[in-house]
Visitor: 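Below: one structure in C-alpha cells.
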Amino acid sequence: MLLRVDNLHTHLRSGGQIVKAVDGVSFHIDRGETFCLVGESGSGKSISALSVMRLLPRDISSHPAGRILFDYRHDNGSTEQVDMLTLPEERARHVRGSRITMIFQEPMNSLNPVFTIGDQIVEALQVHHPDIDYAEARERAIAALVQVQIPSAAERFNEYPHRLSGGQRQRVMIAMAMVGEPDLLIADEPTTALDVTVQAEILRLMRDLQERRGTSILFITHDFGVVAQMARRLAVMRRGQIVETGSVDDVFHHPQHDYTRQLIAALPENLTRARRLSMTETAPKPTPSPPAPTLLDLRKLEIYFPIRKGILRHTVGYVRAVDGIDLQIPRGQILALVGESGCGKTTLGRAVLRLIPPTGGAIYFDGHDLTRLGRAKMQPFRREIQFVFQDPMASLNPRMTIAGTLTEPMAVHGIGENKDDRLERARQALTQVQLDPDWVWRYPHEFSGGQRQRICIARALVLDPRFIICDEITSALDVSVQAEILQILLQLRRERDLTLLFITHNIAVVEYLSDEMAVMYNGKIVERGVTAKVCSSPSDPYTQRLLSAVPRVAL
C-alpha cells in the first residue's frame, strides 16, 4: 500500500463560517494502482487531493481529524511511512514534487507566464534532483514534451505559455509532473480540455509510466469513460463524503447509492439510449416531408492567417485555418462540428458572425451574403445569429449583474418597450434555462460553472435568434449539468424551431444531440452525414481514428 487516507476532515474558513469541505473521507491506493475519485464540482475531490499534497493555505484551512499515511521512498531505496498532515513543512516540500506530483486542472493558472515552458520543466526537475546538470535536464524536458505530443518539442522548449493552445498547455503540465517519475501522481481533471485522440495518448502514457516505474495514480475526473479505461477501483464523492466505493465493474453495473445511479443515468450514452427508445415507443410512423430550406450556406469559405518573419515582418506563408469549406445547415437542424483543437472549428464559427473576416468564399444566411455586408447592415443579423462561447466566466462581465447582462443586448437591438419590459423578458429567459428568475440581481461569481453557462444561453435567447453557435459549451461540465444543458437545448429547438451549430469534441454528446455531424481536419470537412450512420460506419480514416479514441463505458 502506498497511500492510506483515514477519516480525513478538511475544514475551510470563509467569512467567519466553517465549511466542511471534506467530511470523514477514507480510501487507500496500492502501488502501481490507479484509483479514481468521481463526483460533481464542489463534492470535495480536489480539496482531498490538495490535502494529500499539503497545498491548502494554512490561514484558511484546518484538519481537525484524520491521517494521510504515505510510504515515502528515500534515495537509498528504503521506505518510511509518514503522515502528511503532521510532517514538518521542510520535509513535506521534499516529498511534494519528487515523490508526489500533481497535474492541475487549469494550466494557465499553474504555469508562470514570464518563464518559458522549458525552463519551468527544467526547474521542477533540478529542484528535486540537484545532481542533474542543465544539459541533461534540458534533454529530459524535451523528451517529456515529445512524449505528450508537443509538436516541434525542441523549438517549443523556448516558447512562453501564452503562445500555446489550452490543450498544449495542459500537456506541458502533464510533462512537468511526469518528468521526475514520481511514486504517486495526482491528476485533477487532466484531460478535460484535450481532444479525444490526445486524451487517449495521455492516458496511454500514464499507463506506461505505471508499468515502467510502478507509479500509483489518484485520478480525479467526471468522465466515466476515462474511469472505465484507467481504473480498477473508484470512489464516488458527494458533499465532502464518499457515498460509494468499489471496483469499476461493480459500481457501473450494480450501483448501490441513489447519487451514483443519477450520475450514471446522466451519461450521454444512457441519454441517447433513452431518447431513441422514447422516440421509438411514442412517435407515430413518420410520413415523408419535404426537406427543410437551407438557413446557413457556406460556399468555398476560406480563412487564412499570415505567417510573418524577419525584422520587417514580411509574410512568408499562410495558416489555412479554414480551407475551402462547403457546408449547408437546414432550418431547425442541429449540426455537430467535430474535430481536434486547431482544426478550424471555432474559427469557422466565429467567421459566420463576421467576428473573423473571411479570406475568400461566401457566407449565406437565409439567402443573404453576409460577407458583402457593412457594419450597419450586418447589425440585424447579429441579432438572428448568436454565439455561446466555451468559457462562460470569460464571456460574462464580472462587474455587471445578470439583469444588466441580459437587458443590455436587448437595448442595443431595440427589443422591449422599456426597462421593465426588458427585465421581464430577462426573467423569462432565465426560467427557460431552468434558473430562478429572481437571480437577475446576482453577479457571475455567485454562480457555478453550469449555471453561468445557462446564463450565456439565456443571453443568446433574449434576442430571439434563429441560429445559435455553441462552442464547446459542455466540455468542462459535470455529467449531470451537461445532461441538463443538452436537454434544455433540445427543448428550445422544439419550442423555437432553433437551428444549432454545435462545436465539440465529445462524441457521446454528438450522438445524443445532433441530427447530422461534420468532421473537420486541417481546415477541411473530411466527412459529413447523419450522426448515427457516421458514428457506426465512418468512411474517412481520420474519422475512424477519432471515434476509436473515444473512451466508452460498457453498460
Visitor: Out of Val388, Thr474, Leu513, which one pairs with Ile485 under the side-chain contact (heavy atoms from CB on, under 4.5 Å) rule?
Guide: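 Output: one option passes, namely Thr474.
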
Visitor: Can you list everything that forms a salt bridge (Lys or Arg N to Asp or Glu O under 4.0 Å) with Asp83? Sequence neighbours excluded, please.
Guide: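 Result, salt bridge (Lys or Arg N to Asp or Glu O under 4.0 Å) vs Asp83: none returned.
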
Visitor: Should Asn112 and Gln120 be marked as a side-chain contact (heavy atoms from CB on, under 4.5 Å) after you check the CA-CA gap, both sets of side-chain angles, and the distance that decides it?
Guide: CA-CA 8 Å; Asn112 193 323; Gln120 294 184 62; 3.7 Å; yes

Visitor: Does OH in Tyr134 sit with more than 12 non-hydrogen atoms of other residues, nucleotides or ligands closer than 6.0 Å?
Guide: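 Buried by this count: over 12 neighbours within 6.0 Å.
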
Visitor: Give me the one residue out of Ile242, Asn7, Ile47 that meets side-chain contact (heavy atoms from CB on, under 4.5 Å) with Val25.
Guide: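 The single option meeting the side-chain contact (heavy atoms from CB on, under 4.5 Å) with Val25 is Ile242.
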
Visitor: Answer yes or no: is there a side-chain heavy-atom contact under 4.5 Å between Pro392 and Gln451?
Guide: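 Pro392 does not reach Gln451 side chain to side chain.
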
Visitor: Got a sec: does the CZ of Arg31 have more than 12 other heavy atoms crowding it under 6.0 Å?
Guide: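 Yes, because the 6.0 Å sphere around CZ of Arg31 holds more than 12 heavy atoms from other groups.
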
Visitor: Quick check: does any side chain N or O of Thr10 sit under 3.5 Å from a backbone N or O of Ser51, one acting as donor and the other as acceptor?
Guide: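 Side chain of Thr10 to backbone of Ser51, a donor-acceptor pair under 3.5 Å: no, none is there.
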
Visitor: Distance from Arg163 atom CZ to Asn158 atom CG, nearest 0.5 Å?
Guide: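 So the gap between those two atoms works out to 11.5 Å.
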
Visitor: Please report the shortest heavy-atom distance between Leu85 and Ile68, naming the atom on each side.
Guide: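 The answer is CD2-CD1, 3.7 Å.
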
Visitor: Is it the case that more than 12 heavy atoms not belonging to Glu123 sit under 6.0 Å from its CD atom?
Guide: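 Counting other residues, nucleotides and ligands, CD of Glu123 stays at 12 neighbours or fewer.
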
Visitor: Less than 4.5 Å apart, any side-chain heavy atom of Asn522 and any of Tyr542?
Guide: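 Counting from C-beta outward, Asn522 and Tyr542 never come under 4.5 Å.
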
Visitor: Please report the shortest heavy-atom distance between Leu125 and Val179, naming the atom on each side.
Guide: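 The answer is CD1-O, 4.0 Å.
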
Visitor: Look up atom CZ in Phe104 and atom CG in Leu111, then write down how far apart they are to the nearest 0.5 Å.
Guide: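 One finds 10.5 Å between CZ of Phe104 and CG of Leu111.
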
Visitor: Would Glu80 and Arg91 pass as an ion pair if we require N to O under 4.0 Å?
Guide: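 Counted as a salt bridge, because a side-chain N and a carboxylate O are separated by less than 4.0 Å.
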
Visitor: Hey, does Phe305 have a side-chain heavy atom less than 4.5 Å from the side chain of Ile356?
Guide: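 Answer yes - side chains close enough.
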
Visitor: Indicate yes or no: at least one non-hydrogen side-chain atom of Cys470 is less than 4.5 angstrom from one of Ile468.
Guide: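 In short, these two side chains touch, coming nearer than 4.5 Å.
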
Visitor: Output the distance between atom CG (Leu37) and atom CE (Met237), rounded to the nearest 0.5 Å.
Guide: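 Answer for the CG-CE pair, Leu37 versus Met237, is 6.5 Å.
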
Visitor: Is the side chain of Glu159 donor-acceptor paired with the backbone N or O of Leu164 at a distance under 3.5 Å, no angle test?
Guide: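 Looks like no, no N/O pair under 3.5 Å.
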
Visitor: Would you say Thr215's side chain and Pro182's backbone share a donor-acceptor pair under 3.5 angstrom?
Guide: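 Such a contact is found between Thr215 side chain and Pro182 backbone.
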
Visitor: Taking side chain as C-beta onward, heavy atoms only, is Leu203 less than 4.5 Å from Phe219?
Guide: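 When only atoms from C-beta onward are counted, Phe219 and Leu203 do touch, with a gap below 4.5 Å.
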
Visitor: Are any side-chain N or O atoms of Glu33 and backbone N or O atoms of Asp30, one a donor and one an acceptor, separated by less than 3.5 Å?
Guide: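 Side chain of Glu33 to backbone of Asp30: a pair is present.
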
Visitor: Would you check if the side chain of Lys345 reaches a backbone N or O of Met520 as a donor-acceptor pair within less than 3.5 Å?
Guide: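 Side chain of Lys345 to backbone of Met520: no pair is present.
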
Visitor: Short question: side chain of Arg96, backbone of Met53 - any donor-acceptor pair under 3.5 Å?
Guide: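 Yes; at least one donor-acceptor contact below 3.5 Å.
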
Visitor: Calculate, to the nearest 0.5 Å, the distance between atoms CD1 and OG belonging to Ile220 and Ser48 respectively.
Guide: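 Reported value, rounded in 0.5 Å steps: 7.0 Å.
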
Visitor: Measuring centre to centre across the rings, with the benzene-like ring taken for any Trp, is His445 within less than 6.0 Å of Phe447?
Guide: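 No, ring centres 6.0 Å or more apart.
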
Visitor: Output yes when a side-chain donor or acceptor of Arg140 lies under 3.5 Å from a complementary backbone atom of Ile121, and no otherwise.
Guide: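 No, because the side chain of Arg140 does not come within donor-acceptor range (under 3.5 Å) of the backbone of Ile121.
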
Visitor: To the nearest 0.5 angstrom, please state how far the CZ atom of Arg73 sits from the OG atom of Ser78.
Guide: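 Reported to 0.5 Å precision, the distance equals 10.0 Å.
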
Visitor: State, with a plain yes or no, whether a side-chain heavy atom of Ile507 is found less than 4.5 Å away from one of Tyr512.
Guide: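 Contact flag for Ile507/Tyr512 side chains = no.
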
Visitor: Under 3.5 Å, is there a donor-acceptor pair between the Asp188 and Ser46 side chains?
Guide: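 There is such a pair (donor and acceptor under 3.5 Å, judged by atom type) between the side chains of Asp188 and Ser46.
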
Visitor: Take a 6.0 Å sphere around CZ of Arg4 and say whether it holds more than 12 heavy atoms from other residues, nucleotides or ligands.
Guide: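 It does not: Arg4 CZ has 12 such atoms or fewer within range.
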
Visitor: Does the Thr401 side chain pair with the main chain of Trp441, one donor and one acceptor, at a distance under 3.5 Å?
Guide: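 A pair under 3.5 Å: no.
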
Visitor: A quick test of your reading: do over 12 heavy atoms of other residues, nucleotides or ligands sit less than 6.0 Å from CD of Glu136?
Guide: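 More than 12 heavy atoms, drawn from other residues, nucleotides or ligands, come within 6.0 Å of this atom.
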
Visitor: Tell me whether the guanidinium CZ or amine NZ of Arg138 lies under 6.0 angstrom from the six-membered ring centre of Phe157 and within 45° of its axis.
Guide: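 Checked: cation-pi criterion met.
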
Visitor: Return each pair, listed once, that meets ring pair (Phe, Tyr, Trp, His ring centres under 6.0 Å) where at least one residue sits in residues 1-43; pairs must be two or more places apart or across chains.
Guide: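 Every pair satisfying ring pair (Phe, Tyr, Trp, His ring centres under 6.0 Å) with a residue in residues 1-43: Phe27-Phe35.
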
Visitor: Please check if atom CZ in Arg13 has more than 12 non-hydrogen atoms from other residues, nucleotides or ligands closer than 6.0 Å.
Guide: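 Atom CZ in Arg13 is crowded, with more than 12 foreign heavy atoms closer than 6.0 Å.
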
Visitor: Would you say the side chains of Thr260 and Glu244 form a donor-acceptor pair under 3.5 Å?
Guide: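 Present: a donor and an acceptor within the cut-off.
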
Visitor: Have Thr346 and Asp471 got a donor and an acceptor in their side chains that come within less than 3.5 Å?
Guide: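 Asp471 and Thr346 do have a side-chain donor-acceptor pair below 3.5 Å.
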
Visitor: Is there a side-chain hydrogen bond (donor to acceptor under 3.5 Å, both in side chains) between Thr79 and Asp71 once you walk through the steps?
Guide: CA-CA 6 Å; Thr79 60; Asp71 242 9; 4.8 Å; no

Visitor: Tell me whether Gln126 at atom CD has more than 12 heavy atoms from other residues, nucleotides or ligands lying less than 6.0 Å away.
Guide: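 More than 12 within 6.0 Å, yes.
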
Visitor: Would you find more than 12 non-hydrogen atoms of other residues, nucleotides or ligands less than 6.0 Å from Glu89 atom CD?
Guide: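 Counting other residues, nucleotides and ligands, CD of Glu89 exceeds 12 neighbours.
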
Visitor: Which atom pair, heavy atoms only, marks the closest approach of Asp183 to Leu2?
Guide: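 Taking Asp183 first and Leu2 second, the nearest heavy atoms are O-CD2, 3.4 Å.
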
Visitor: Could you pull out the closest heavy-atom pair between Ser61 and Leu56, with the gap in Å?
Guide: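 Scanning both residues, the minimum pair turns out to be OG-CB, 3.6 Å.
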
Visitor: Hey, what do you get for CD1 (Ile29) to SG (Cys36), rounding to the nearest 0.5 Å?
Guide: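 Ile29 CD1 to Cys36 SG: 9.5 Å, rounded to 0.5 Å.
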
